[in-house]
Amino acid sequence: MSWRAGVVTVTMIAIIGIAGLLIAAGGDQRLTAFSLGVPPAVPVETLRSGQVVCQGPFTTPAPFAYVRPWITPTTGPGPTLALSVRDAAPGPRLATGTVPHGYSMPIAPSVALSTTVRAGSRVRVCLRSLGRRDVQLLGNNGLDRIAAARAGTLNGSSRSAIALLLLRRHPKSLLSLVPTVFSRASLFRPGWVGPWTYWLLSVALLGAFVLGAVALIWAVRSDAMSADP
Amino acid sequence: MAAQELKAETTRRRARTRLRTLASLLSALPAPLGALLAIVVIVGLAWALLVSPWQSPDETTHFAYAQSLAERFALPGSGKSGLSTDQLQADVAVGASQLAFRSTEIRPDWSKHDESLYLAEAARNPSRSDGGGSNAADSNPPLYYLYADLAYWATYGGNTFDRLYAMRIWGISLLALTVVGTWLLIGEVYGRRRLPQLAGSAVVGLVPMETFISTSVNPDALTITLWTFALWLGARVIRRSATPRDAVALCFVVAAAILAKAVSYALVPAVLLALLIGWSRCKPSERRARGLYCVLAVAGAAAPVLAWIGFARSQGRQAFNTVGSPSGVPARPFNVREFLSYVWQFYLPRLPGMTPDRVTPGLSVYDIWLRQGWGIFGWLEVTLPARIYELLGAFTAVVGLATAGIVATFRDRLRWSLLAFFGVAVVALLFGLHLTEYRSLIAGQGPLLQGRYVLPVIGLFGLAVALILGRLPPRWRAPLCGALLTSMLVLQVLALATVAQRYYT
């Protein structure tokens with residue numbers, strides 16, 4: 001029994017498998033820039049005609065060009081909503097967008113902004129109803145101090161926040177996001193873990209294929225030796 | 001001075017002896033197993049670190065249990081709050097509970113600013129001992145949590161995430177032991193044939209769900225390891241006619257498994273059968289002595305289990321996970337016919353005249369045992385592509401059918417004895433699980449089975465793979481073993497990428 005055929009098989013499957021995964025990761029397009037970590041769990045605010053609500057302030061860890069709120073019309077088709085991203089300090093609008101009227105079911109639209117909001121900005125996201133009918137905004141009512149400091153709150157309340165998903169202008173592939181993934185995965189970890197840990201583990205995972213081939217060779221040799229009289 | 005030198009020399013000599021012992025232990029390790037263990041450790045470390053905090057089934061409550069033991073030296077249930085301030089603060093900071101139970105689109109914003117906010121809060125030393133209240137895991141026995149607490153205590157000075165990840169990384173030892181247990185099981189049943197041992201153990205050590213659970217804070221990790229060792233020791237007891245050492249080891253491993261998770265009571269019938277068969281195979285002249293050893297081993301192993309039950313009762317707590325309606329009255333009475341109908345519909349399409357009793361939209365054996373058993377991650381919301389499950393289903397079916405074909409050719413009594421032991425273990429596990437779920441259903445509490453609950457018998461899957469490989473023509477064995485090992489590694493990378501995509505993109 002020869003180990004060569006086994007090693008050839010390992011090599012071929014490893015190459016095909018890894019290439020396949022890389023191609024899949026290159027084609028897997030991700031739009032999400034980041035979220036506030038606030039789930040669309042319950043209605044937290046009823047937005048009436050002409051009323052404005054603002055969520056924030058929060059710091060943007062990545063640039064975004066679309067905002068997705070969770071909206072439920074309460075009395076017939078929902079009104080047009082004007083969405084704006086404003087500097088947390090009173091100042092000009094950084095970007096604007098619109099939720100068109102006429103929706104009769106709960107929606108989570110991706111609202112295109114007039115311009116991309118940069119990473120590192122301290123902002124609020126505001127919604128203003130331009131129609132007559134009421135809509136409910138979904139979010140969470142039970143924020144604690146840390147979560148409120150992270151996501152900001154709704155109109156300065158102490159515990160409520162609306163759910164918002166912030167999206168990129170152009171989707172990025174999972175493959176191109178690998179450095180971001182490693183950087184994010186090193187947060188809320190033991191102090192010795194950094195992005196480098198995941199790079200090292202990636203190399204080690206590649207090395208595991210080599211170790212697999214080595215294990216196979218040793219196993220074949222061991223069986224051959226024990227089979228010898 | 002001389003005394004100090006003597007002391008230093010003694011210390012050095014002891015260190016050298018320990019090193020030599022370690023070296024001799026390592027040299028006794030078969031080289032292919034050593035390489036496989038290195039692979040498993042790499043993969044385990046990747047899982048332990050990549051999965052977001054508390055994003056594994058019930059990890060929140062299991063951590064709370066372990067923390068209660070570590071900080072209060074008390075089982076959970078008596079405290080005021082389910083989670084300590086220390087854990088709650090970390091959970092909120094990373095959005096763990098929100099992430100677990102809400103839209104898959106929502107995730108923490110992963111900003112360094114958030115982390116520094118948390119670190120500032122953690123620096124104020126929030127209370128770790130104000131938890132210990134009732135939680136869903138508090139009827140579990142304490143053995144796993146004590147094991148996990150070794151890592152907790154080792155990183156005691158760190159913050160919650162230091163301790164959580166230390167416990168997860170410590171779980172890699174259980175994963176490695178499961179691989180060793182499978183290797184030994186295959187070696188015992190099939191002889192020292194390294195290729196089949198490598199193939200079977202690699203499949204077991206690299207099933208994504210197994211690596212995910214073993215590197216989470218979860219008593220299933222220890223349960224899987226102990227079941228694998230129990231299956232190996234049971235095979236030894238049968239093959240080697242119940243030597244006292246094997247009988248004692250088997251009984252104590254089963255006792256440990258019961259003290260890790262109550263589902264392990266399902267091992268008792270199989271173990272008694274193994275002891276009986278092993279005893280019946282020994283020479284008539286040795287039967288009396290070996291019978292006595294077996295009885296003493298059973299009694300000795302029963303002692304800690306009975307002590308736990310007695311202690312739990314004295315504390316007014318459940319010694320087993322129980323199901324029942326909140327009012328204590330089941331919504332429907334237990335009905336044998338209905339139970340059998342439920343079991344039938346779990347595995348097979350519903351027959352005309354059967355009351356619909358399906359717990360998943362599709363065939364439950366596929367949705368739960370197969371898909372979840374191979375790998376659905378997070379809080380069961382992170383799935384692999386559907387096509388992958390179909391491939392894994394086909395692979396599992398081929399292994400099952402080929403094994404059945406091979407087993408049908410068995411003629412000797414020893415193999416049938418081993419088969420009976422393994423069969424009783426599997427059937428008892430499945431019967432116990434289905435009975436528990438049926439009782440939950442009639443109590444109006446809904447389905448509760450999850451794929452990881454069959455992982456305790458994963459060693460037998462490895463044994464089946466080894467059995468098939470060993471029956472192939474010799475020239476096919478190395479390529480097939482290589483193909484299996486590499487395919488499992490590719491599957492691991494795919495699963496890790498899926499998890500990374502869920503939490504960090």
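Everything numeric in this text was worked out from a predicted model, so none of it was measured. Each chain gets a letter, A, B and so on, in the order its sequence line appears, and its residues count up from 1.
For B:L198, the part lying near chain A is the side chain, with the backbone staying farther off; criterion is any non-hydrogen pair under 4.5 Å. Interface remark: A:R4 contributes no atoms to any contact with chain B (heavy atom separation under 4.5 Å). If you measure heavy-atom distances from B:L117 to chain A, the contacts under 4.5 Å come from the side chain alone. Contact of B:R163 with chain A is not made at all, since no heavy-atom distance falls under 4.5 Å. Residue B:Q89 touches chain A through both its backbone and its side chain, counting heavy-atom pairs closer than 4.5 Å. Only the side chain of B:I169 comes within contact range of chain A, judged by heavy atoms closer than 4.5 Å. Both the backbone and the side chain of B:E115 come within contact range of chain A, with heavy atoms under 4.5 Å apart. In this structure, the portion of B:V51 lying under 4.5 Å from any heavy atom of chain A is its backbone and not its side chain. If you measure heavy-atom distances from B:L88 to chain A, you find no contacts under 4.5 Å at all.
Interface summary for chain A: among B:P479, B:P53, B:G482, the most heavy-atom pairs under 4.5 angstrom belong to B:P479. Chain A forms the most heavy-atom pairs under 4.5 Å with one residue out of B:S487, B:A93, B:A46, and that residue is B:A93. Heavy-atom pairs under 4.5 Å with chain B peak, among A:G207, A:A33, A:A5, A:A213, at A:A5. Between chain A and the options B:A166, B:G158, B:A483, B:A90, the largest number of non-hydrogen pairs under 4.5 Å is found for B:A483. Looking only at heavy-atom pairs under 4.5 Å with chain B, the residue among A:A185, A:P61, A:G17 that has the most is A:A185. Ranked by heavy-atom pairs under 4.5 Å with chain B, the list A:V38, A:T180, A:T60, A:I16 is led by A:V38. Heavy-atom pairs under 4.5 Å with chain A peak, among B:L485, B:V92, B:L45, at B:V92. Options B:D114, B:L33, B:L484, B:L164 differ in how many heavy-atom pairs under 4.5 Å they form with chain A, and the most are formed by B:D114. Annotation: maximal heavy-atom pairing with chain B below 4.5 Å, among A:L201, A:I13, A:L211, A:L187, occurs at A:L187. Here A:S35 is the residue among A:G37, A:S202, A:S35 with the most heavy-atom pairs under 4.5 Å with chain B. Highest contact tally toward chain B, considering only A:L165, A:V7, A:V193, is held by A:L165 [criterion: heavy-atom pairs under 4.5 Å].
Residue B:T486 comes nearest to A:A14 through the heavy atom pair CG2-N, 3.5 Å, listed as atom of the first residue, atom of the second, then distance. B:R194 and A:S222 make their closest contact through CG-OG, 3.1 Å (heavy atoms, listed as atom of the first residue, atom of the second, distance). B:L50 and A:R189 get closest at one heavy-atom pair: O-NH2, 3.2 Å. Closest heavy-atom contact between B:A497 and A:L174: O-CD2, 4.4 Å. Summarising the geometry of A:D223 relative to B:L195, their closest heavy-atom pair is OD2-N, 2.9 Å, with the distance given to 0.1 Å. The two atoms that bring A:F209 and B:V490 nearest to each other are CE2-CG2, 3.9 Å, heavy atoms only.
Taking OG1 of A:T59 as the reference point, atom NZ of B:K112 lies at 14.0 Å (rounded to 0.5 Å). How far CD1 of B:I39 is from CG of A:L205: 10.5 Å, rounded to the nearest 0.5 Å. For the atom pair B:L36 CG and A:L216 CG, the distance stands at 11.5 Å (nearest 0.5 Å).
In this structure, A:R118 places its CZ atom where only 12 or fewer heavy-atom neighbours from other residues, nucleotides or ligands lie under 6.0 Å away.
Judged purely by atom type and a 3.5 angstrom limit, A:Y198 uses its side chain to pair as donor or acceptor with the backbone of B:L49.
Side chains of B:Y504 and A:F182 form no contact here, defined as non-hydrogen atoms less than 4.5 Å apart.
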